[in-house]
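First comes the structure, then the notes that go with it.
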Amino acid sequence: MDEFSFIRSIQPKFYRQSSVIKGISDDAAVIRPVDGDFVTAVDTMVEGVHFTRETMEPEHIGWRVLAANLSDLAAMGSTPRFYMVSITVPRCWSEKELQSVYRGMKQLADKYAVDLIGGDTVAGKELSLTVTVIGSVAKDKARYRSHAQSGDLLFVTGTLGDSRGGLEYLLSGQAACSKAHDYLIRRHRTPEPRITTASSLSSLQRIALNDVSDGIASEANEIAEASQVEVIINHEAVPYSEALSTCYPDHYQAWMLSGGEDFELLGTVPEKDWPTVEKTAESAGVRVTKIGYVQNMRSPSPCVWLDKDGRRERLAASGYTHLKEEGE
């Protein structure tokens, strides 16, 4: 199949967003602005760096790269509207496999009425997917990491470390042998971005959000730095699944802090608004847990403290970092 035939094969039959004037089939897409602000994010997944065929089926690759982007929009309080895909295709990938990658993206996009409106296709040495997403949010209602203030409660959705556990099991090369393993594998391959929960909190005057892509040790430090505050995490309150602690009793406590790629939401909110967060999460069918609080800086620089077994220790950002030199 040549490039143009492939593009025609992935072109949507219709667009659900009324603001799309021209999607795939011309030199560029045309979107008619709506009231409010546009929010955009981009993410790239490269074969051999972010995934392998041993741990991901083609559909999972598509789902996961779009999920990572949609999670970024959720952290901004934005409703996703459109996405574009730039794909680098090696000769060893078949047309059927590529169609499956796009099918995985479409399966997730359909859940949130997100339209594919363009992209690019080129040949290369390894499969690489770059997805750009565009969302909308009411004017001046985007949520920033810099919105945390002293006295806020710290919370997180879902459970943490599951994706890391799923990856560990997939790398072992074993077939799933229990419901717990199946659960962890699903959490790694097909994570659910918390879009509904985040957008439903639009009534709150102030809330800071960050998506858990690198682990809460990293995300909490990003909030502390952006807001110039200190964040205190109660180790005993950090939520983890029974599946993770059962399958990996020696690792789950480390992974729930820095496992990453769970694509949950870490946030801070004034204490008076906590009941709204709880009610919103319950309506969306999402678990939410209060795990700490925010205080003014008492150290020379913003930081995160972990309260554990009656002791307080500084929690450094941890997890995988791109472009980091070996040994750093």
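Starting from 1, each residue takes its place in the sequence as its number.
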- Qualifying residue, where the test is side-chain contact (heavy atoms from CB on, under 4.5 Å) with Leu266 and the options are Thr157, Ile291, Ile233: Ile291
- Item | Check: Cys303 and Glu230 side chains under 4.5 Å, non-hydrogen atoms | yes
- Query: Closest approach of Thr79 and Ser199, non-hydrogen atoms and distance?
  - Reply: OG1-CB, 4.0 Å
- Task: Kindly check if the number of other-residue, nucleotide or ligand heavy atoms within 6.0 Å of NZ (Lys106) is above 12?
- Result: no
- Ser163 side chain to Asp262 side chain, donor-acceptor N/O pair below 3.5 angstrom: no
- Task: Step by step, work out the side-chain hydrogen bond (donor to acceptor under 3.5 Å, both in side chains) result for Ser86 and Thr130.
- Result: CA-CA 5 Å; Ser86 239; Thr130 296; 5.9 Å; no
- Item | Derivation of the side-chain contact (heavy atoms from CB on, under 4.5 Å) call for Leu306 and Asn234 | CA-CA 6 Å; Leu306 184 68; Asn234 178 3; over 6 Å; no
- ILVMFWY cluster, Met76 and Val277 together (side-chain gap under 4.5 Å): no
- Query: So, Glu47 and Lys125, do they make that salt bridge, N to O below 4.0 Å?
  - Reply: no
- Got more than 12 heavy atoms from elsewhere within 6.0 Å of OH, Tyr15? yes
- Query: Does the side chain of Thr289 come within less than 4.5 Å of Phe155's, by heavy atoms?
  - Reply: no
- Message: Quick check: do Lys22 and Ile31 have side-chain heavy atoms less than 4.5 Å from each other?
- Response: no
- Gln295 and Ser150 have their tightest heavy-atom pair at CA-OG, 3.6 Å
- For Glu282, does the CD atom sit with more than 12 other heavy atoms under 6.0 Å from it, leaving out its own atoms? no
- Query: Between Trp93 and Phe51, what is the ring plane arrangement, given parallel below 30°, perpendicular above 60°, and tilted in between?
  - Reply: perpendicular
- Query: Does some side-chain heavy atom of Tyr183 sit less than 4.5 Å from a side-chain heavy atom of Asp162?
  - Reply: yes
- With the side chain counted from C-beta on, respond yes when Ile195 and Leu73 share a heavy-atom pair under 4.5 Å apart, and no when they do not. no
- Message: Pair Leu244, Thr159 - check side-chain contact (heavy atoms from CB on, under 4.5 Å), show working.
- Response: CA-CA 9 Å; Leu244 184 66; Thr159 54; over 6 Å; no
- Message: Between Leu167 and His188, is the side-chain contact (heavy atoms from CB on, under 4.5 Å) condition met? List the steps.
- Response: CA-CA 6 Å; Leu167 175 61; His188 177 70; 3.7 Å; yes
- Message: Tell me whether Tyr240 at atom OH has more than 12 heavy atoms from other residues, nucleotides or ligands lying less than 6.0 Å away.
- Response: no
- Not counting sequence neighbours, which residues clear salt bridge (charged side-chain N to carboxylate O under 4.0 Å, His left out) with Glu97? List them please. Arg53
- Would a 4.5 Å heavy-atom cut-off, applied to side chains only, mark Lys308 and Gln253 as touching? yes
- Would you check if there is a donor-acceptor pair between the side chains of Asp211 and Ser71 at a distance under 3.5 Å? yes
- Message: So Pro270 and Asp152, do their side chains get closer than 4.5 Å, heavy atoms only?
- Response: yes
- Query: Salt bridge or not for Lys111 and Glu192, using N-O below 4.0 Å?
  - Reply: yes
- Do Leu160 and Tyr252 share a hydrophobic cluster, counting only Ile, Leu, Val, Met, Phe, Trp and Tyr and linking them when any side-chain heavy atoms are less than 4.5 Å apart? yes
- Taking atom types as modelled, is there a side-chain donor on Gln107 or Trp63 under 3.5 Å from an acceptor on the other? no
- Message: Can you tell whether the side chains of Arg64 and Glu261 come within less than 4.0 Å, N to carboxylate O?
- Response: yes
- Message: Take a 6.0 Å sphere around CD of Glu278 and say whether it holds more than 12 heavy atoms from other residues, nucleotides or ligands.
- Response: yes
